[in-house]
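First the structure, in the form of structure tokens, and then the observations on it.
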Amino acid sequence: MSSIGYSDTPDWEGMREEAELELAAQDEVERPLREAGLPVPGHRRREIAEERLDVAALWRGLSDDEREAIGVLGLGILVSGGMASRAELTAPAATRAYTAHYYACLDALGTLPTPESAMAALRGPAWRIPADLGPVCLSCGCSDEDACPDGCGWEDERQIRCTVCANPRPLDDDNIPF
Ligand SMILES: [Zn+2]
Ligand SMILES: [Zn+2]
């Protein structure tokens with residue numbers, strides 16, 4: 001509402017159109033999630049689930065073809081990444097080619113479709129975070145390697161809420177809840 005101006009009558013029609021566009025944009029963002037059964041957190045609904053995702057178990061449940069596709073690219077990253085750094089000082093041409101293969105594998109891995117079994121495990125009302133990340137704050141998503149900007153710790157031994165989220169500062173510009 002910052003640029004309405006000071007005309008005599010408010011532009012009701014324009015405001016309504018703007019609101020409809022906003023709703024349509026939101027629907028466009030949320031529809032694919034809903035259709036896939038993935039979480040669409042609402043205003044009062046938790047974004048991060050307490051239940052975690054066991055990626056090692058997902059890996060063991062993959063089909064041979066899925067494992068082959070992911071494994072070959074993962075191994076390519078390890079081999080070419082490892083050799084690029086070993087060959088760096090003595091074999092620039094080989095290093096160049098290893099580096100190209102390393103990035104090709106990385107790109108290809110990043111564009112593989114998420115396996116259907118992983119999608120199935122992620123369906124639900126809130127997002128399940130891989131367990132091997134370690135403790136995660138269910139409110140803000142911070143974790144041991146990604147603390148809040150001014151530093152934070154865990155509120156208690158359950159390690160599901162950080163000290164920043166447990167002790168919100170008195171209201172200021174950064175802390176208005178919406
Ligand atoms: Zn937090
Ligand atoms: Zn935190």
Side-chain angles (χ1 to χ4, degrees), residues 1-55 57-59 61-62 66 69-70 73 77 103-156 158-178:
M1 300 291 166
S2 55
S3 56
I4 299 292
Y6 291 99
S7 58
D8 289 331
T9 50
D11 179 10
W12 297 117
E13 184 62 18
M15 284 160 75
R16 192 180 59 82
E17 267 171 32
E18 204 174 293
E20 274 173 10
L21 280 177
E22 240 170 70
L23 272 180
Q26 190 178 345
D27 184 59
E28 206 170 302
V29 168
E30 292 179 356
R31 201 181 327 117
L33 292 169
R34 249 186 240 110
E35 283 170 3
L38 292 172
V40 185
H43 286 302
R44 294 180 175 279
R45 246 195 281 147
R46 218 181 238 310
E47 204 177 294
I48 298 179
E50 202 164 335
E51 194 184 10
R52 304 295 292 272
L53 191 69
D54 185 344
V55 177
L58 282 179
W59 172 258
L62 291 181
E66 288 170 325
I70 298 169
L73 293 173
I77 290 169
Y103 283 111
C105 289
L106 202 58
D107 285 351
L109 193 60
T111 54
L112 278 185
T114 309
E116 184 44 46
S117 54
M119 293 294 285
L122 286 159
R123 289 191 184 108
W127 292 101
R128 294 174 59 190
I129 308 300
D132 50 304
L133 182 63
V136 168
C137 176
L138 302 187
S139 301
C140 73
C142 76
S143 51
D144 283 341
E145 297 303 316
D146 177 31
C148 290
D150 294 330
C152 61
W154 297 110
E155 182 196 17
D156 61 27
R158 289 186 307 159
Q159 301 189 319
I160 57 171
R161 194 156 70 143
C162 80
T163 47
V164 169
C165 292
N167 307 296
R169 284 174 300 160
L171 278 186
D172 60 37
D173 284 351
D174 297 334
N175 202 33
I176 294 171
F178 34 75

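- Listed here is the closest heavy atom pair of Gly134 and Arg52: O-NH2, 2.8 Å.
- Within 6.0 Å of the CD atom in Glu47, the count of heavy atoms belonging to other residues, nucleotides or ligands does not exceed 12.
- Looking at Pro39 and Pro125, their side chains never come closer than 4.5 Å, going by heavy atoms from C-beta outward.
- For the residue pair Leu58 and Ser117, the shortest heavy atom distance occurs at CD2-O, 3.9 Å.
- Considering only residues two or more places apart in sequence or on other chains, Glu145 meets the side-chain hydrogen bond (donor to acceptor under 3.5 Å, both in side chains) condition with none of them.
- Gln26 and Glu22 share no side-chain donor-acceptor pair at under 3.5 Å.
- Residues Ile48 and Leu138 share a closest heavy-atom pair of CG2-CD2, 3.7 Å.
- Contact annotation: the side chain of Ile70 approaches that of Leu62 to within less than 4.5 Å [non-hydrogen atoms, C-beta and beyond].
- The shortest non-hydrogen separation linking Leu122 to Arg128 is CD2-O, 3.5 Å.
- Arg123 is linked by a side-chain hydrogen bond (donor to acceptor under 3.5 Å, both in side chains) to Glu116, counting only residues two or more places apart in sequence or in another chain.
- Counting heavy atoms from C-beta outward, Leu53 and Ile129 have side chains that stay 4.5 Å or more apart.
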Could you give the side-chain donor-acceptor pairs of residues 148-156 under 3.5 Å, partners two or more places apart or in another chain?
unit_1 : atom_1 : unit_2 : atom_2 : d
Trp154 : NE1    : Asp144 : OD1    : 3.0
Glu155 : OE1    : Arg161 : NE     : 3.1
Glu155 : OE2    : Arg161 : NH2    : 3.0
Asp156 : OD1    : Arg158 : N      : 2.9

